[in-house]
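Chain letters run A, B, ... following the sequence lines, proteins first, then strands; residues in each count from 1.
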Amino acid sequence: MFTLAKNDKLLLVIVAFFTLLAPIILNPFPTESAMAQFNAGYPDLMQRFVIFGIFAVGFNILFGLTGYLSFGHAAFLGVGSYAAVWMFKLLSYNIVPAMILSVVIAGIFALIMGFICLRRSGIYFSILTLAFAQMSFAIAYSVLSNPSFNLTNGETGLQVYNDDPQYLKGDGPSTTHLFGLEMRETFTLDIGAWAFQFNVGYYICAIFLLVAFYIAIRIFRSPFGLMLKAIKTNQTRLNYTGLNSKPYTLFAFVISGMYAGLAGGLLASMDPLAGAERMQWTASGEVVLMTILGGAGTLVGPILGAGFIKYFENIFSKINDSVLHSWFSLLPDGLENAIVWVLHFFVGKGWHLTLGLLFMLVVIFLPGGLVDGGTRIYNWVRKPRNPEPAEEGAQASTDQ
Amino acid sequence: MDAILLQILNGIDKGSAYALIALGLTLVFGTLGVVNFAHGALFMLGAFCAVTLQKFLTLSKITIDPTRLDFLGKPAKIKTPYVEAWFGEAAGQAIINWSVPLAILFAIPVMFLVGVIMERGLIRHFYKRPHADQILVTFGLAIVLQEIIKAIYGANPIQMSAPDELQGVANMGAALGLKLSYPIWRIVYFCFAVVIIGSVFAFLKFTTFGMVVRAGMADRETVGLLGIDIDRRFTFMFGVAAAVAGVAGVMYTPINPPNYHWGMDFLVISFVVVVVGGMGSLGGAVLAGFMLGVLEAFASTTWATTTIPGINQIVIYLVAIIILLTLPRGLLGRKGVMEE
């Protein structure tokens, strides 16, 4: 299938299985039960899993393969969103032109930014991308939102109004759709106490994710991907062999920018809004966190990281003091209050504290991320019994 | 003429903050070779040292005065800060009034300690790892520090005030016949920055300790081979850098009410400042700090913002990109620093 190696085929099938059945898998608790708050199987959250998965997979093509740490990728996400919303405003709510334009515009933008930033490497590159992203944020936030030339609508964010032209709209639906298939349409399947929601928008995103993931596998396994890995390993030596590495890194930068543009376009397709805060450098930091947490340089790592962060962001933010009290109500009062007081700083609004600590721990002790952790546990379990296959397992996982 | 001078004055107070942060950042980078994304957080921590001290000083004893009634007809509660009770009313009020300058004395040891702990506890383990890892772990640390402050002090900015004597506006150009009025505290801030920068430079230039540190910056291995414990001195310099960022934060509180987000806000710009000045060049960092501050002030004038809307927010980045493309080593960067 698709001319992939056996391992990669398996990986693609596993990812496809989990994404396509996510509405069921992520909904393990009955709707009425107390645990229902841990369900993640509702459209809004699942869309975010998948969209940020695409974003992180794209970021990983740059950072994981070439080692260039960009702190400006959120700029492409924002540009993609703006482009998509403009398509909604000018043509119609059909997402096809919006997706095309957002990828193309993000690609052009990445070409310009990459051409300038890639003149330096290492820490200079990180700071240049950071400066670029902050500049794009400021441009979107204030420069391009003046009354005479309003491209981004500043603080309010760009959205579709009733008096927008929408030349191709005709009798089409007045919400985002794919040739009439509305994004927000949801089919609810009730089985016993469970209610599974199958959302059109989610499946569109999921298909995009699978395509994006497939392309990423092909890039990882291509001669081009090998060249990028060589750049990461030793760029000086590569230059000594008479090879100009810059076009390769630039191409990788543009590809990952296009992935980010796609993610931005999808965000806007699910909810036709685009704001400048999507471009802020902390948003770029978030995708860095996702990629590192999952495992930079691995294929599934970024998707895992994105899902992990988005899930716990959502769950942790919901837990408040009264929920904590109900969990520990069996303990003696003094102990209960003490535990709740300590945990209080890490849940709810304190989610970012947990995220920061977790991220530091991962960088310090597990530079390979969750995927590396999983491999280590796997090897540790396998090794005592028969060392031979464990070696193979390690080999395969470093390849991923 | 007046307008130009005013913009320069406007620029130098922000420029002073940039220069102080960038100085510490460069010091850390030049000595330890570590890119510290948590340096902005140290600036923020310094500011919250001032907030903490002020909170402590205004801790009050509540006494009930039965002779007077409050508006509900109950005996009035009178709050007297403990410092007033201990040192007498006049001295106590003076202490509270001068809490921001006093916080410097409090912040220097605290921030020095924070810096040393950070270096010994975390950053030491990252010398041999790639720069990307250093960036990532200090980025994580910056998030953690910021969130801790947010958990303690909340998300709202906290109003701080300069001593009464230093509030208000000075009419500076009167002697020259210019109309130029400017807040006194900002002038104090500038002078303070000059003193701090001067003393750091003097320390490095004229003391034996500083000489060894400079030698270590140039060639760490040789200094180590001469039997000098260079690591310990570098740790000390990390503490100094943290203290410089801290006091810069303390003194900045009356200009701008501190909030937990300061670290991230100043971090990006101070990195740009360091890169424009030239990685590893202390003089370059200071020069670029003041230069970009003044530039930002000029871009904020009505004339500039009406010509190109929003120019004040992007001018620093534009200049940084142009400088890096024309002078890859920055303004005063030395050869061989951070070059692959």
Side-chain angles (χ1 to χ4, degrees), chain A residues 63 67-69 71 113 116-117 119-124 126-128 130-149 154 232 235-236 239 280-282 285 288-289 292 296 344-346 349-364 367, chain B residues 29 33-35 37 122 125-126 129-152 154-155 261 264 267-269 271-272 274-276 279 305-306 308-322 324-325 328-330 338-340:
Chain A
F63 177 60
Y68 277 71
L69 177 57
F71 259 99
M113 185 162 151
I116 296 172
C117 296
R119 294 177 61 138
R120 311 303 319 272
S121 61
I123 168 75
Y124 279 103
S126 299
I127 294 172
L128 266 177
L130 187 59
F132 243 108
Q134 272 308 84
M135 194 169 81
S136 328
F137 167 70
I139 289 175
Y141 195 77
S142 55
V143 180
L144 290 182
S145 68
N146 51 339
S148 57
F149 185 69
K232 183 181 187 178
Q235 192 167 9
T236 324
N239 290 339
Q280 224 165 1
W281 80 276
T282 37
V288 178
L289 297 185
I292 305 287
H344 164 82
F345 291 103
F346 296 96
K349 285 177 188 158
W351 149 247
H352 280 103
L353 180 60
T354 320
L355 179 64
L357 281 174
L358 189 73
F359 178 66
M360 277 178 73
L361 291 177
V362 166
V363 174
I364 295 170
Chain B
F29 184 77
V34 168
V35 185
F37 260 55
L122 181 71
H125 306 290
F126 277 81
R129 304 218 347 215
H131 278 297
D133 280 7
Q134 297 169 358
I135 294 177
L136 295 171
V137 80
T138 47
F139 178 57
L141 183 67
I143 296 177
V144 170
L145 291 177
Q146 160 182 329
E147 292 302 317
I148 290 175
I149 291 294
K150 188 175 151 194
I152 300 175
H261 220 264
M264 294 292 185
L267 178 77
V268 182
I269 293 186
F271 260 115
V272 171
V274 169
V275 172
V276 167
M279 215 82 184
T305 45
T306 42
I308 311 171
I311 181 73
N312 53 331
Q313 300 193 27
I314 58 168
V315 69
I316 286 188
Y317 304 111
L318 271 183
V319 168
I321 288 164
I322 293 168
L324 272 188
L325 291 179
R329 284 191 195 111
M338 262 321 286
E339 285 175 10
E340 285 89 342

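Using a 4.5 Å cut-off between heavy atoms, B/A320 does not touch chain A at all. Using a 4.5 Å cut-off between heavy atoms, B/L267 touches chain A through its side chain atoms alone. Contact of A/L357 with chain B is made through backbone and side chain together, with heavy-atom distances under 4.5 Å. Contact annotation for A/L361: neither backbone nor side-chain heavy atoms come within less than 4.5 Å of a heavy atom of chain B. With a threshold of 4.5 angstrom between heavy atoms, A/L128 approaches chain B through side-chain atoms but not through N, CA, C or O. With a 4.5 Å cut-off on non-hydrogen atoms, A/I116 touches chain B through its backbone and its side chain both. With a 4.5 Å cut-off on non-hydrogen atoms, A/Y68 does not touch chain B at all.
B/L145 meets the side-chain contact (heavy atoms from CB on, under 4.5 Å) test with B/A41, B/L45, B/L141; sequence neighbours excluded.
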Identify all side-chain donor-acceptor contacts of residues 134-143 of chain A below 3.5 Å with residues at least two apart in sequence or on another chain.
unit_1 : atom_1 : unit_2 : atom_2 : d
A/Q134 : OE1    : A/W281 : N      : 3.4
A/S136 : OG     : A/F132 : O      : 2.6
A/S142 : OG     : A/A138 : O      : 3.0

Requested in this report: Step by step, work out the side-chain contact (heavy atoms from CB on, under 4.5 Å) result for B/D133 and B/F126.
Outcome: CA-CA 7 Å; B/D133 280 7; B/F126 277 81; 4.1 Å; yes

Report task. Could you please spell out the steps behind the side-chain contact (heavy atoms from CB on, under 4.5 Å) verdict for A/F71 and B/I135? Result -> CA-CA 11 Å; A/F71 259 99; B/I135 294 177; 3.6 Å; yes

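In terms of heavy-atom pairs under 4.5 Å with chain B, the best-connected choice from A/I292, A/L130, A/V288, A/L353 is A/L353. Of all the listed residues (B/R129, B/H125, B/Q134), the one sharing the greatest number of non-hydrogen pairs under 4.5 Å with chain A is B/R129. Counting heavy-atom pairs closer than 4.5 Å to chain A, the top residue among B/V144, B/V272, B/T138, B/I143 is B/V144. Heavy-atom pairs under 4.5 Å with chain A peak, among B/I269, B/I148, B/V315, B/V137, at B/V137. Comparing B/I311, B/V268, B/I316 by how many heavy-atom pairs each has under 4.5 Å with chain A, the most go to B/V268.
Here OH of A/Y124 is found 10.5 Å from NE2 of B/H131. Values are rounded to the nearest 0.5 Å. Between A/H352 atom NE2 and A/L289 atom CG the span is 8.5 Å, to the nearest 0.5 Å. Note that CE of A/M113 and CD1 of B/I321 are 8.5 Å apart. Values are rounded to the nearest 0.5 Å.
Using cut-offs of 30° and 60° on the angle between ring planes, the pair B/F271 and B/F37 is tilted.
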